[in-house]
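Chain naming here is simple, since letters A, B, ... match the order of the sequence lines and numbering starts at 1 in each.
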There are 2 protein chains.
Amino acid sequence: MAIPRAARTQRRTRIQEEKEELILEAALDVFSASGFRGSTIDQIAEVAGMSKPNLLYYFRTKDAMHRALIDRVLFTWLEPLRAFNADGNPESEIRSYIRRKLEMARDFPRESRLFANEVLQGAPHIEDELKGPLKSLVDEKAEVIRAWAKAGKIAKCDPYHLIFSIWSTTQHYADFDVQVRAVLGQEHSGVGRFEDAARYLEKLFVDGLMTVGNDAGQSNPGQGSALSPVSAD
Amino acid sequence: MAIPRAARTQRRTRIQEEKEELILEAALDVFSASGFRGSTIDQIAEVAGMSKPNLLYYFRTKDAMHRALIDRVLFTWLEPLRAFNADGNPESEIRSYIRRKLEMARDFPRESRLFANEVLQGAPHIEDELKGPLKSLVDEKAEVIRAWAKAGKIAKCDPYHLIFSIWSTTQHYADFDVQVRAVLGQEHSGVGRFEDAARYLEKLFVDGLMTVGNDAGQSNPGQGSALSPVSAD
DNA sequence: TGTAATGTTTACCAATCGGTCAAATATCGA
DNA sequence: TCGATATTTGACCGATTGGTAAACATTACA
C-alpha cells in the first residue's frame with residue numbers, strides 16, 4: 001500500500017515532482033476560470049489528463065490543492081511590489097512598478113484571476129495571507145511613498161490608495177479581459193492593447209489629466225470632493 | 001395545476017411582484033458572493049425564506065433567475081456613464097463620474113460583485129450585453145472625451161483606457177473590499193475609506209502625481225513606456 | 001359562498017459532487 | 001530478476017446538485 005502523503009517528509013521521486021507540477025498547472029486553469037466553489041476535481045483531473053483518484057493521491061483534498069496553488073503563486077505575485085525601491089527615483093519607480101504589474105497581467109492572467117476570484121468571494125482561504133504578509137509589505141512600501149511626498153518629491157497623496165489604484169488599473173486587464181476585448185472591439189484586441197494601456201497609465205499616474213500642454217492645470221483644493229452621506233452598508 | 005410561467009404574458013398578482021422581488025434580492029446576495037456556478041438554488045431559497053420548489057415556480061431554472069437579475073441590475077449599473085455629459089465642463093464631469101461610481105461601489109457592492117464574478121469567469125451569460133449596449137455606450141462617451149482632448153480641454157489620452165481606469169479604481173473598493181480592509185487595518189475600515197478614496201482618485205485623475213506644489217511636473221514624452229516583448233498569450 | 005386559478009410544499013429523481021478502497025500496474029534498488 | 005515500494009485506476013459511497021410530480025393550501029373573483 002502507498003505511504004500516506006501526510007507521512008512524506010521530503011520530496012521523493014521525480015514522478016512526484018512532475019505530477020504535482022502538472023496538477024497545479026491544471027488546477028490554476030480551472031480555479032482561475034471558475035473560482036473555488038465553482039470548480040470540480042473532475043474538471044482538474046480532465047485538464048491534467050489523469051484520473052480523479054490519482055489527483056487525490058497527490059493532494060488529499062480539493063482544499064489542499066487550492067492551498068498549495070495559492071502558496072505557490074502568492075510569492076511570485078508580490079514580486080513587483082517587493083522590488084519597489086525606496087532609494088530609486090520616485091517617478092521611475094512608479095513607472096516601472098506599473099509596467100511590471102501590467103506585464104504580469106499580460107503574461108500571467110490566470111494567476112491574477114485566481115486571486116481575484118478568491119478575494120471577490122470574501123477571501124475565505126487567504127484571509128491570513130492578506131492580513132499578514134500582504135499588509136506588512138504594503139505598510140512598508142506605503143511608508144516609502146509617504147516619505148517621498150514629505151520630501152516634496154511627489155505630490156501629497158494617500159499611499160495606500162495609490163497602491164490600490166495601481167493594482168486595480170493593471171489587474172483590470174487580466175481580470176476583466178473579456179469586457180476589455182468586448183468594448184475595444186475585435187480590431188483592438190491584439191496584444192497591442194497592453195502597450196496602449198502602459199502608455200495611458202504611466203501618463204495618468206505621472207501627469208494626471210489636466211496637465212495639458214504648457215498649461216499646468218490648477219484645480220480646486222478639493223473641498224467639494226467628499227462623497228454624499230452614507231445610506232446603508 | 002399552475003399555469004407555466006412562460007405562458008404568463010403580463011404581471012398578474014401582487015404576490016408575484018412581491019415574491020419575485022424577494023427572490024431576486026436573495027439571488028443578488030448569493031450570486032454576488034459565490035458566482036453563478038458556486039451558488040446553489042438551496043442557498044438562495046434559504047436566504048429568501050422559501051422552499052426550493054417555490055423558487056422554481058417563479059423562475060424555472062437557476063439560469064433564468066440569473067438572467068433576470070442581470071437584466072434588472074445592468075441598466076442601473078450603467079446610469080453614471082449614461083449621465084456623462086458632453087456639454088458639461090470636462091473636469092467637473094470626470095470628477096462627478098468618479099464620485100458617482102464610488103458611491104455605487106459603496107452603496108451597491110453586491111451589484112458590483114455580481115458583474116465582477118460574471119466577467120471574471122468569462123462572461124458566459126452577458127457576452128451579448130457587453131458587445132452590444134455596453135460597447136455602444138462606451139463608444140459614444142469615448143468620442144466625447146476624444147473631442148475634449150482635441151479641443152485642448154484635457155490632456156491627450158486614450159479615452160477607452162481612461163474609462164477602464166475609472167471603472168477599475170472605483171469598483172475595486174466594492175470587488176476587493178476584504179483585501180482593502182485587510183491592508184488598511186481595522187482602524188481605517190470604516191466608511192471613511194470611501195471619502196479618502198474619493199479625494200485621492202479625484203486628485204489622481206485631475207492632477208497626476210508629479211504635479212507637486214508650484215513645480216509643474218515635466219515628464220519624459222514617454223518613448224520608454226512600451227512593455228517588453230510578449231512571450232505568450 | 002363556491003370554485004377555478006394561483007401559490008406552496010413534501011417527496012422524490014437522475015446526475016454530479018468530494019472522497020474512499022482495494023486491486024492492478026509501473027518503477028526502482030539490490 | 002526479484003521483491004518492495006510507488007503509482008494508477010475502476011468501482012463505489014453518501015451528500016448535494018438542479019429540477020420534477022403531484023398533492024395540498026390559499027387567493028381572487030363571479
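Rounding to the nearest 0.5 angstrom, the gap separating the CD atom in A:Glu140 from the CZ atom in A:Phe84 is 11.0 Å.
Counting to the nearest Å, the P atom of C:dA26 and the CG atom of A:Asn54 are 13 Å from each other. To the nearest angstrom, C1' of C:dT6 lies 14 Å from CD of B:Glu18. Protein atom CG of B:Leu55 is 11 Å distant from nucleotide atom P of C:dT8, rounded to whole Å. Summarising the geometry, the separation between CD on B:Gln16 and C1' on D:dT26 is reported as 14 Å, rounded to the nearest angstrom. Atom-to-atom, CG of A:Asp42 to P of D:dA11 comes out at 15 Å; the value is rounded to the nearest Å. Whole-Å rounding puts the A:Glu46 CD to C:dG18 P distance at 14 Å. Between B:Arg60 atom CZ and C:dG7 atom C1' there is a gap of 17 Å when expressed in whole angstrom units. In this structure, CZ of B:Phe59 is placed 16 Å from P of D:dG18, rounded to the nearest angstrom.
The ring-ring contact (aromatic ring centres under 6.0 Å, His included) with A:His66 is formed by just one residue from the set A:Phe31, A:Phe115, A:Phe59; it is A:Phe31.
There is a side-chain donor-acceptor pair under 3.5 Å between A:Gln121 and B:Asn117.
Place B:Pro53 and A:Met50 on DNA chain D by their nearest nucleotides, and A:Met50 ends up nearer the 5' end. Each of B:Lys19 and A:Lys62 was assigned the nucleotide of DNA chain C with the nearest heavy atom; the assignment lying further toward the 5' end belongs to B:Lys19.
Side-chain atoms of A:Leu56 lie closest to C:dG19 of the nucleotides C:dC17, D:dT9, C:dG19. The B:Ile41 side chain lies nearest to D:dG19 when the options are D:dG19, C:dG18, D:dA6. Comparing D:dT17, C:dC17, D:dT8 by their closest approach to the side chain of A:Ser51 singles out D:dT8.
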> Should B:Glu25 and B:Arg72 be marked as a salt bridge (Lys or Arg N to Asp or Glu O under 4.0 Å) after you check the CA-CA gap, both sets of side-chain angles, and the distance that decides it?
Replying inline: CA-CA 11 Å; B:Glu25 170 69 19; B:Arg72 196 170 107 123; 5.1 Å; no
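Other residues, nucleotides and ligands place more than 12 heavy atoms under 6.0 Å from the CD atom of A:Gln43.
For a distance-only test at 3.5 Å, the side chain of B:Lys52 qualifies as a donor-acceptor partner of the base of D:dG18.
For A:Tyr58, a side-chain nitrogen or oxygen approaches OP1 or OP2 of D:dT8 to under 4.0 Å.
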